[in-house]
Amino acid sequence: MKIYFKTFGCRTNIYDSEVMKNSLKNHEICDDETKADVIVVNSCTVTNGADSDVRNYINRANKNGKKVFLTGCGAINRGKELFDNGKVFGVFGSSKKENITEIIEKNVKFIDLGDINKSQNSIVKNFKKYTKAFVKIQEGCDFNCSYCIIPSVRGHARSKDESIILKEVLNLANNGFSEIVLTGTNIGSYGKDTKTSLAKLLKKLSQINGIKRIRLGSLEPSQIDDEFKELLNEKWLEKHLHIALQHTSETMLKIMRRRNKAFKDIELFNELASKGYALGTDFIVGHPGESDKIWLEALNNFKNFPLTHIHAFIYSPRDDTHSATLKIDVDGKTAKERLKTLQDIVEQNNFEFRKKHYNELDVLVEQKNGDFFTGFDEYYNKIYIKSDKDLTHNWIKVKKYEIEKRGNFTNF
């Protein structure tokens, strides 16, 4: 049979899909869904909108006569509904993904969610079509943010065995991957259950021959401790950190049941910026309780953060969360205006950052888009490169470039 894997959502799902691809036996992985006999949907359920995207995709696949299996986060809270409605042949939890061959060969419809708290020690040896490799180091989250459903579908925080991670990265390095991205549900919690830490893991990973750059997924402010700070001057650590704030009003952070404090966050971000780091964050606008007064407090605080990147979005209720029971105080038009305000501030910050940190850049070229090759430098800023050579998958040093609002441009 020809099998097509459709992945929704985050880097963790990208990794899980690669685990399934690496585990598949006796069948052909198909890159064209129209030619596939079976479609495995690795779903995201972070918002109601994500559920809708998955459901719409499955409906289209059904109309095209495909046999559909559902896994991922959406399998936990939407799998039975889709199964009962005859939309999918089978539903299986992420803990079952290594059994993908047996699963797709089943002749009887089924639901098998497995154990969401099972420790997973999969190894991926290759990432086809990717320039960098994603490495999942942990699963689950012990936080209880009021808007988030992920802990209930990914389970509690648990760390992948260090020896398995080191073996996995060694295999990836031997297969030509020189940049790795550490991912998971809450990677800053790595080692809390195994008496180690993210910093200790990073030190060991950096010693693997062939690994030139290590990039991190999202961290929480409280997870940037003194041990981690000792690594900030290491050349192999990307000079960009994504640290989740979600908001910059002390009052709103309490409503969101967040663990971080805005004023302590400002101190941390300025400390990291003083070491030359580009800094990104997540921010939710329009969450229930975001009055005009709270927004002004947040905006005044926000301007004191040296942010260069942002993933900001408008709140949408997520069923089965505390926030979904609260009254939304912000209309859609106002929420869009607030979102744009934050994005404009960070865009200007990024432009000024690139001008201030004009120096030789190390760029891993990922692909060609139109006339330009594109890749990211150590600050996670995109650079556009014109060249007569095929630069794809190569590291280059960029010494001279033009700085524009949308990115840096150079000839090579």
Side-chain angles (χ1 to χ4, degrees), residues 9-10 12 44-51 73-74 76-77 116-117 138-159 184-190 192-193 198 217-225 241-269 279-302 304-305 307 310-330 334-335 338-339 342:
C10 64
T12 301
C44 174
T45 190
V46 69
T47 64
N48 290 346
D51 280 342
C73 294
I76 305 299
N77 67 324
I116 64 169
N117 287 309
Q138 68 85 228
E139 184 80 82
C141 181
D142 293 333
F143 283 38
N144 187 34
C145 302
S146 65
Y147 50 82
C148 186
I149 197 174
I150 297 304
S152 67
V153 296
R154 282 285 183 182
H156 66 74
R158 57 218 186 266
S159 304
T185 315
N186 184 351
I187 67 167
S189 68
Y190 180 81
K192 301 296 183 185
D193 54 335
L198 177 60
S218 182
L219 298 168
E220 293 289 327
S222 61
Q223 295 164 345
I224 310 293
D225 56 17
L241 294 173
H242 187 94
I243 305 170
L245 293 173
Q246 305 302 355
H247 216 276
T248 50
S249 157
E250 293 283 359
T251 306
M252 181 55 64
L253 290 171
K254 291 177 182 177
I255 294 172
M256 290 178 163
R257 297 179 177 174
R258 294 282 297 162
R259 298 186 183 185
N260 52 308
K261 305 292 184 182
F263 296 112
K264 286 189 68 175
D265 294 343
I266 291 172
E267 291 179 6
L268 171 65
F269 273 63
L279 298 167
T281 199
D282 300 311
F283 198 109
I284 303 171
V285 299
H287 186 280
E290 192 183 72
S291 63
D292 291 345
K293 180 180 178 181
I294 285 177
W295 167 249
L296 289 176
E297 174 202 346
L299 183 58
N300 288 333
N301 289 338
F302 188 86
N304 290 316
F305 281 87
L307 285 162
I310 191 167
H311 176 217
F313 49 96
I314 296 170
Y315 171 79
S316 62
R318 168 68 270 188
D319 293 344
D320 303 319
T321 63
H322 174 69
S323 293
T325 68
L326 304 177
K327 177 179 175 292
I328 296 177
D329 302 272
V330 182
T334 301
R338 291 176 180 180
L339 179 71
L342 299 183

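One is the number of the first residue; the rest follow in order along the sequence.
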Can you tell me if D193 and S159 form a side-chain donor-acceptor pair at under 3.5 Å?
yes
Mind listing the closest non-hydrogen atom pair of P221 and L268 along with its distance?
O-CD2, 3.7 Å
Over all atoms of both residues, closest heavy-atom pair of N260 and L245:
ND2-O, 3.3 Å
If you take all heavy atoms of V285 and L342, which pair is closest and at what distance?
CG1-CD1, 3.7 Å
Look only at the side chain of N48 and the backbone of P317, and say whether a donor-acceptor pair between them is shorter than 3.5 Å.
yes
Measure the CG-CG distance between L299 and N304 for me, rounded to the nearest 0.5 Å.
10.0 Å
Do I310 and F305 have side chains that get closer than 4.5 Å, going by heavy atoms?
no
So, the side chain of N186 versus the backbone of C141: is there a donor-acceptor pair under 3.5 Å, distance only?
no
Please identify each residue that fulfils side-chain hydrogen bond (donor to acceptor under 3.5 Å, both in side chains) with Q138, with sequence neighbours left out.
S189
Decide yes or no on side chain to side chain contact (heavy atoms under 4.5 Å, CB included) for I255 and L326, but give the supporting numbers first.
CA-CA 10 Å; I255 294 172; L326 304 177; 4.2 Å; yes
Does C148 offer a backbone N or O that forms a donor-acceptor pair with the side chain of T321 under 3.5 Å?
no
Closest heavy-atom contact between E297 and T251?
OE1-OG1, 3.9 Å
How many angstroms lie between atom CE of M252 and atom CD of Q246, to the nearest 0.5 angstrom?
12.0 Å
Give the minimum heavy-atom separation between V153 and T45, together with the two atoms involved.
CG2-CG2, 4.1 Å
Those residues that, when tested against R257, pass side-chain contact (heavy atoms from CB on, under 4.5 Å) (two or more places apart)
N144, S146, H322
Check: H247 ring centre within less than 6.0 Å of F283 ring centre:
yes
Within this structure, what is the CG-CG distance for the pair D292 and D329, rounded to the nearest 0.5 Å?
9.5 Å
Do Y315 and E290 have side-chain heavy atoms sitting under 4.5 Å apart?
no
Mind checking side-chain hydrogen bond (donor to acceptor under 3.5 Å, both in side chains) for H156 and listing every partner two or more places apart, or none if nothing turns up?
none
Does the S249 side chain pair with the main chain of A298, one donor and one acceptor, at a distance under 3.5 Å?
no
Using the rule given for side chain to side chain contact (heavy atoms under 4.5 Å, CB included), can you reason through I224 versus L219, listing the C-alpha separation, both sets of side-chain angles and the distance that settles it, and then say yes or no?
CA-CA 8 Å; I224 310 293; L219 298 168; 3.5 Å; yes
Under 3.5 Å: donor-acceptor pair, side chain of R338, backbone of G286:
no
Which value, rounded to the nearest 0.5 Å, describes the distance between I266 atom CD1 and F302 atom CZ?
11.0 Å
Would D320 and R318 pass as an ion pair if we require N to O under 4.0 Å?
no
Nearest atoms (heavy-atom pairs only) where D282 meets S218
OD2-OG, 4.0 Å
Full working for side chain to side chain contact (heavy atoms under 4.5 Å, CB included) between E220 and R259
CA-CA 9 Å; E220 293 289 327; R259 298 186 183 185; 5.9 Å; no
Working to the nearest 0.5 angstrom, can you tell me the gap between L198 CG and K192 NZ?
9.0 Å
Is E250 reaching over with its side chain to a backbone N or O of F263, donor-acceptor style, under 3.5 angstrom?
yes
If I take atom OG1 from residue T281 and atom CZ from residue F269, how far apart are they, to the nearest 0.5 angstrom?
4.5 Å
